[in-house]
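Here is the structure we will look at, set down as structure tokens.
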Protein chains: 2
Amino acid sequence: MADSTIYQASTTAPVNIAVVKYWGKRDPKQNLPTNSSISVTLSQKDLRTHTTAACSASFPKEDTLRLNSSPQDVSGARTQACFRELRALRSAVEAADHSLPKLSTLPLRIVSENNFPTAAGLASSAAGFAALVRAIANLYELPSSPTELSKIARQGSGSACRSLFGGYVAWQMGSKNDGSDSVAVEVAPASHWPTMRALILVVSAEKKGVSSTSGMQITVATSKLFKQRAEVVVPEHMELMEKAILSKDFESFATVTMMDSNSFHATCADTFPPIFYLNDVSKAAIRVVEDINKKAGKIIAAYTFDAGPNAVIYFEEENLDVVAGTLKAILGELDGWQGNQIKVQGTEGVDDRAVQTLKDGVSRVILTSVGEGPIRTEESLIQANGEPVEK
Amino acid sequence: MADSTIYQASTTAPVNIAVVKYWGKRDPKQNLPTNSSISVTLSQKDLRTHTTAACSASFPKEDTLRLNSSPQDVSGARTQACFRELRALRSAVEAADHSLPKLSTLPLRIVSENNFPTAAGLASSAAGFAALVRAIANLYELPSSPTELSKIARQGSGSACRSLFGGYVAWQMGSKNDGSDSVAVEVAPASHWPTMRALILVVSAEKKGVSSTSGMQITVATSKLFKQRAEVVVPEHMELMEKAILSKDFESFATVTMMDSNSFHATCADTFPPIFYLNDVSKAAIRVVEDINKKAGKIIAAYTFDAGPNAVIYFEEENLDVVAGTLKAILGELDGWQGNQIKVQGTEGVDDRAVQTLKDGVSRVILTSVGEGPIRTEESLIQANGEPVEK
């Protein structure tokens, strides 16, 4: 008779927003990128995926995954690669110590929940795959470092590798064909520069644009400017950004962040047919950030955009009132300002049209900050009987 | 007593819309470009500047210019360069034949009228400077070829040099420091490929964006992708475009036209701060062109955008119904369709959102075709008494 023990472990994992962008795969199967990238990990108080991984001989044979109470397809190559590689690591552990239970042979049951709307286009796959890999690694009690695990998370979703660390994280593109050197490393922990804040303006896009997975490969294939970005511009940005982070030089951090976002979206516009992730609301956000900086007489805020219209605005804690206070003057009626003491500013010096476009086009805000990497938790999403906790 | 004879000559000159774009000066003073470009000259039936140049010892000493009944400032270096160089050519003619009147010493009075709204962002400075240079060259009875005159028009407004020819025109960037080899040449006359049509969608921009003169120099100074465009992408596009025109290969003409417009706007987006000429209406026009081509199963229409949101859509006469007829189905209520027999098409297969965005954001259309270069006319804008004709 089979052992009916249910083994389980839980974690939360963060979202990260790149300041030097990942765009383009040199090997789509292994998610090996055409260039390195750097991101800031955001606080899990505001944005996180919570995942419990369980396994048991009593479970039906198929591995399963639920996200926000909906069963997900796990048959895709991405998820299968993660399961396979984690099982292989567990097998090695089991082979070295025969007293350990053979968890690698048991079906997996994964249950995940995001504390933010998946549809908002908030890099949920990065947090999702980081949490999945971290939860299974916890369940399997793997000795692997976050950098080791980043190779596995990368195969789930490229940018997920960066969500295995807190603070400021680089994904080194690597050069090997097997991907063994394409890993995430910590540039600096959150504690090194804890005053970094991020304000996300969630822009209502009527329709999902081109997915990043297909979009980036069309860029690689058709943009005549892309190679220059990957081979010349990004290496320069990587070097400047690491220095800016290590020396906590916000003006330099901000300049590279904005230039790199612009460069990435430029290669999207140069794709054939062109890909436009920024809409008129996104451009209004750029204009408002420019005007805030102009008023301040120096660069105190930086915009960046992933593969969608949402703006992420980075600034330092000391400029909370000036930066977030100006945007609260425009968007104060929206959800997302709760729990922050912000002195609302006047909007003189800020372009009127941009103000109106933001009012009309932003649906909510999220005010957050740099945060920690995955955190192990005892809060489980799977009950003692093996069933998902019902919410 | 001074001779009170009024000497005068008149011309019309066309607008041109580039299919390989001019963007960036290597010498701002002489308007020497960082790359070559190619344009299609548009018919003067729809878009032209009409200019009369006069000179007389009886005129007040200062050179003057009126455009659409408003006095213009002629003290700028651009206009002064044109006056100076044309006078120098006239001086040489006078020196060779002493019987000729000394027109080069007389004050100039220039009167110009556009047959289209100046504010619409329709490359009016190209037609304007081409007409000014051509009219004064006519007045001075200069033996100079259009290519010779193009060096002068270029100093007024870079793209004006291309408006001295009809049909398909290249502006060769040249390599000399004195600009003597930076000239316009005919790639093919309008009669070579007379079936080229152009539909302009005039997009209501609430406010003029960054001017092209300042915009392009910020791009040159800050875009890290720009050099790649100027040195690698454009030379490739120039070669492909000349071949496409000579062989009347519309699919190739259209592909390069669209890719080059995208590449140009990509370098604008990569400028710091970024320059966005395309708005959501422009992008809807791109989407509709893409959908028209998809429905046709081949490329029968090409979009291109100058430094503003207006779309110019090129297509061949044989596809008038399919291309213009689809856009007339969307924009049929606007001015600009008169005088064209077009069979309105259904819009199935065309993105609904894009259709609505065009309906909301396009203010008029201009349906025109490839056309001739400047045409000398006896119709004068200056009366026998030397005063401008009152309209």
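Side chains included, hydrogens not; waters and symmetry mates left out as well; all remaining heavy atoms used. In what follows, every chain begins at residue 1, and chains take the letters A, B, ... in the order their sequences are listed. No experiment lies behind these values; they were computed from the predicted model shown.
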Rounded distance (nearest 0.5 Å) linking atom CZ of A:Phe276 with atom CG of B:Leu278: 5.5 Å

Test item: A:Lys224 and B:Gln228 side chains (from C-beta on) under 4.5 Å apart, heavy atoms: no

Is atom CD of A:Gln217 surrounded by more than 12 heavy atoms (other residues, nucleotides or ligands) closer than 6.0 Å? yes

Look at B:Cys268, B:Ser263, B:Ser261 and state which one has the largest set of heavy-atom pairs under 4.5 Å with chain A. B:Ser263

Is a side-chain donor or acceptor of B:Asp280 paired with a backbone partner of A:Asp280 at a separation under 3.5 angstrom? yes

So what's closer than 4.5 Å to chain A heavy atoms on B:Ser223: side chain, backbone, both or neither? neither

Heavy-atom proximity to chain B below 4.5 Å, by part of A:Ile286: side chain

Working to the nearest 0.5 Å, report the span between OG1 of B:Thr267 and CG of A:Asn262. 12.0 Å

Distance check, rounded to the nearest 0.5 Å: A:His265 atom NE2 versus B:Asp270 atom CG? 11.5 Å

Hey, is NZ on A:Lys227 packed in by over 12 heavy atoms from elsewhere, all under 6.0 Å? no

Quick one: are B:Glu290 and A:Pro274 in side-chain contact, heavy atoms under 4.5 Å? yes

One should read off an interatomic distance between B:Phe272 CZ and A:Thr255 OG1, to the nearest 0.5 angstrom, of 5.0 Å

Would you say B:Glu251 has more than 12 foreign heavy atoms packed within less than 6.0 Å of its CD? yes

